[in-house]
2 protein chains.
Amino acid sequence: MLSAHEALAVVLQIRGGELCVLLWRRALPPCEGEWALPGGRLRADESLGASIRRQLAQKVDVRDLSHLEQLETRSDPERDPQRRTLATAYLGLVPAHIDPVVPDDTGWHPAADLPPMAFDHASIVRSGRRRLRSKLSYTNLGFALAPPEFTMSELSAHYRAALGHDVAATNLRRVLLRRGQIEETGRSVPSGRSGGRPAALFRFRARELEVTDAFAVLRPPVG
Amino acid sequence: MLSAHEALAVVLQIRGGELCVLLWRRALPPCEGEWALPGGRLRADESLGASIRRQLAQKVDVRDLSHLEQLETRSDPERDPQRRTLATAYLGLVPAHIDPVVPDDTGWHPAADLPPMAFDHASIVRSGRRRLRSKLSYTNLGFALAPPEFTMSELSAHYRAALGHDVAATNLRRVLLRRGQIEETGRSVPSGRSGGRPAALFRFRARELEVTDAFAVLRPPVG
DNA sequence: TCAAAAGTGTTCACCGTACACCCATGT
DNA sequence: ACATGGGTGTACGGTGAACACTTTTGA
């Protein structure tokens with residue numbers, strides 16, 4: 001068959017200590033007034049990855065995207081009541097220190113408390129959150145959430161927001177150092193008004209996705 | 001745009017102690033004489049999952065499939081030289097004790113040593129192998145490779161074939177029992193001509209995918 | 001009685017968590 | 001001095017791998 005195909009993106013960023021997703025408000029039917037993921041029709045001569053990058057460029061500066069990966073393809077014939085549409089969803093991440101300029105109809109919403117969502121977009125956001133959560137635990141994907149340099153307190157707050165549970169800065173430091181994900185910059189941040197020891201600044205060693213804890217079980221014999 | 005969309009499947013089975021993939025030989029151009037993954041065009045009123053099930057039914061009895069999950073969608077405009085075609089790939093698994101009847105043009109090939117493959121199908125097979133390998137380590141996906149009942153020797157041979165490295169039966173038993181993936185049936189298999197203690201028979205407790213080793217790291221605090 | 005295969009016990013290294021304690025800084 | 005937040009040391013529980021040892025069978 002010939003079907004309409006669109007690319008969508010779950011763009012996530014930590015904002016104000018909370019995991020947020022980029023949504024735009026539909027002004028026209030179907031699903032008028034509901035919130036939707038950015039994206040749109042695939043063109044004849046582009047790949048899905050190129051398509052979602054092109055379409056995101058209308059919402060945010062694509063250079064702000066620290067990571068982009070394919071999530072899944074939705075194909076329920078009823079997912080769009082108007083016409084048959086397949087959608088391939090991507091997960092995009094924006095580092096915490098950036099505040100991209102977005103159009104008037106577009107904004108950031110807490111991923112844990114979504115507004116009324118169009119089509120099956122709410123469940124796609126949940127897929128994106130699950131993917132982020134999983135990959136934070138066995139890859140260096142934290143690089144895509146964190147600013148270029150950060151203290152361990154800041155980083156643990158970002159992990160807390162993304163994972164939805166408390167993450168102790170002291171142990172996070174040891175785990176990520178042992179895995180070689182992060183390193184000290186040598187610089188530090190002066191303590192605030194209330195005193196306290198100055199915090200050391202860290203950076204991620206890589207800005208590409210790497211698996212740092214592959215096959216914790218059923219791993220190959222050392223011999 | 002309107003584009004052709006097809007569903008493909010990487011159907012894997014352990015055969016003769018080797019991980020094999022189901023392929024059919026193309027009789028017509030493009031890629032005449034090369035081997036391809038089963039699948040084909042998506043119809044107007046079916047989902048991708050329904051489509052791949054329908055099309056696999058022409059190759060194997062779909063009831064033989066113990067597991068089916070979506071892998072990824074390929075969209076390179078050049079992947080099919082004839083016409084623009086998107087393909088959503090699935091991973092299918094067949095338990096080891098079954099020998100499905102397949103058409104004349106279709107057969108099982110070692111996944112580690114593929115024949116000349118059409119389009120991008122070779123790299124899709126590699127994706128399927130990676131997915132299987134990963135999920136064996138943190139889910140109960142072994143249920144989809146193993147027959148209903150098995151000895152630990154047999155099961156470890158299947159894991160060895162799927163993972164590509166040695167897996168000690170003695171430790172596999174402990175790991176899978178501790179995780180609650182398998183249980184003893186109470187029955188056992190008489191030893192062969194060369195003697196040896198009879199082997200106990202086990203079964204998987206579930207036949208649905210379950211994550212049994214979620215978040216080995218960065219897990220929530222117990223408090 | 002011996003070989004073969006299954007199963008058990010034990011040791012070891014490693015990892016992540018928890019938590020007590022020490023360090024550096026501002027007031 | 002003392003409060004505050006960062007950083008270190010350490011102990012604990014859990015896990016998987018390795019391997020020696022025991023059990024159960026056939027010849």
Side-chain angles (χ1 to χ4, degrees), chain A residues 134 136-140 142 149-160 163 165-202 211-223, chain B residues 136-140 142 149-157 159-160 163 165-202 211-223:
Chain A
S134 302
L136 278 180
S137 85
Y138 68 94
T139 74
N140 66 341
E149 300 194 348
F150 47 84
T151 66
M152 289 312 301
S153 298
E154 292 161 2
L155 189 65
S156 73
H158 297 155
Y159 273 73
R160 184 175 309 119
L163 294 175
H165 63 73
D166 208 41
V167 178
T170 178
N171 290 326
L172 184 64
R173 171 202 187 99
R174 242 184 306 238
V175 169
L176 298 188
L177 278 174
R178 187 192 302 161
R179 294 182 174 180
Q181 287 190 24
I182 62 174
E183 63 190 1
E184 281 194 80
T185 66
R187 302 194 297 117
S188 61
V189 159
S191 43
R193 271 185 294 285
S194 57
R197 181 168 166 173
L201 282 171
F202 292 80
V211 175
T212 58
D213 192 34
F215 301 112
V217 297
L218 302 182
R219 54 177 171 270
V222 294
Chain B
L136 278 180
S137 85
Y138 68 92
T139 74
N140 65 342
E149 299 194 348
F150 47 84
T151 67
M152 288 313 300
S153 297
E154 291 161 2
L155 189 65
S156 74
Y159 273 73
R160 183 176 310 120
L163 294 175
H165 63 74
D166 208 42
V167 177
T170 177
N171 288 327
L172 185 65
R173 171 203 186 99
R174 244 185 303 237
V175 170
L176 298 188
L177 277 174
R178 186 191 301 160
R179 293 182 174 181
Q181 287 190 26
I182 61 174
E183 62 189 2
E184 281 194 79
T185 65
R187 302 194 299 117
S188 62
V189 159
S191 44
R193 270 186 297 282
S194 58
R197 179 168 168 171
L201 282 172
F202 292 79
V211 175
T212 58
D213 193 34
F215 301 112
V217 297
L218 302 182
R219 54 178 173 269
V222 294

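By convention in this document, chain letters (A, B, ...) are assigned in the order of the sequence lines, proteins followed by strands, and residues within each chain are numbered from 1.
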Would you indicate what B/Ser153 reaches in the nucleic acid, counting non-hydrogen atoms under 4.0 angstrom: base, sugar-phosphate, or nothing?
-> sugar-phosphate
Can you tell me if A/Thr139 uses its side chain to pair, donor with acceptor, with the backbone of A/Val211 under 3.5 Å?
-> no
Tell me: CG of A/Leu136 to C1' of C/dG16, nearest whole Å?
-> 16 Å
In whole angstroms, how far is the P atom of C/dA6 from the CZ atom of B/Arg187?
-> 17 Å
Atom CG of A/Leu155 to atom P of D/dG6: distance rounded to whole Å?
-> 13 Å
Would you find a donor on one side and an acceptor on the other, under 3.5 Å apart, between the side chain of B/Ser191 and the backbone of B/Gly196?
-> yes
Gap between atoms CZ and P, on B/Phe150 and C/dG7 respectively (whole Å) | 12 Å
With sequence neighbours left out, the residues meeting side chain to side chain contact (heavy atoms under 4.5 Å, CB included) with A/Ser156 are A/Arg160, A/Ala169, A/Leu172
Mind checking A/Ala168 for me? I need base, sugar-phosphate or nothing, with any heavy atom below 4.0 Å counting as a touch.
-> nothing
Go along nucleotides 19-27 of chain D 5' to 3' and tag each nucleotide: B for a protein heavy atom under 4.0 Å from its base, S when only backbone or sugar atoms are that close, - otherwise.
-> B---BBBSS
Rounded to whole angstrom units, what separation is found between the NE2 atom of A/His165 and the P atom of C/dT17?
-> 8 Å
Between C/dG7 (C1') and B/Leu201 (CG): distance, integer Å = 14 Å
Using whole Å, report how far CZ of B/Arg178 lies from P of D/dG13.
-> 15 Å
Considering residues at least two apart in sequence or located in another chain, which fulfil the side chain to side chain donor-acceptor pair (under 3.5 Å) criterion with B/Glu154?
-> none
May I have the distance from A/Tyr138 (atom OH) to C/dG16 (atom C1'), rounded to whole angstrom?
-> 19 Å
Which pairs count as salt bridge (Lys or Arg N to Asp or Glu O under 4.0 Å) when at least one residue sits in residues 169-178 of chain B, sequence neighbours excluded?
-> none
Sequence neighbours left out, what pairs pass salt bridge (Lys or Arg N to Asp or Glu O under 4.0 Å) with at least one residue falling in residues 182-196 of chain A?
-> A/Glu149-A/Arg187, A/Glu183-A/Arg203, A/Glu183-A/Arg205
Side-chain heavy-atom pair A/Ile182, A/Met152 within 4.5 angstrom cut-off | yes
Which is true for B/Ala200 with a 4.0 Å heavy-atom rule: it touches a base, it touches only sugar-phosphate, or it touches nothing?
-> sugar-phosphate
Using a cut-off of less than 4.0 Å, is there contact between a side-chain N or O of B/Arg173 and OP1 or OP2 of C/dT8?
-> yes
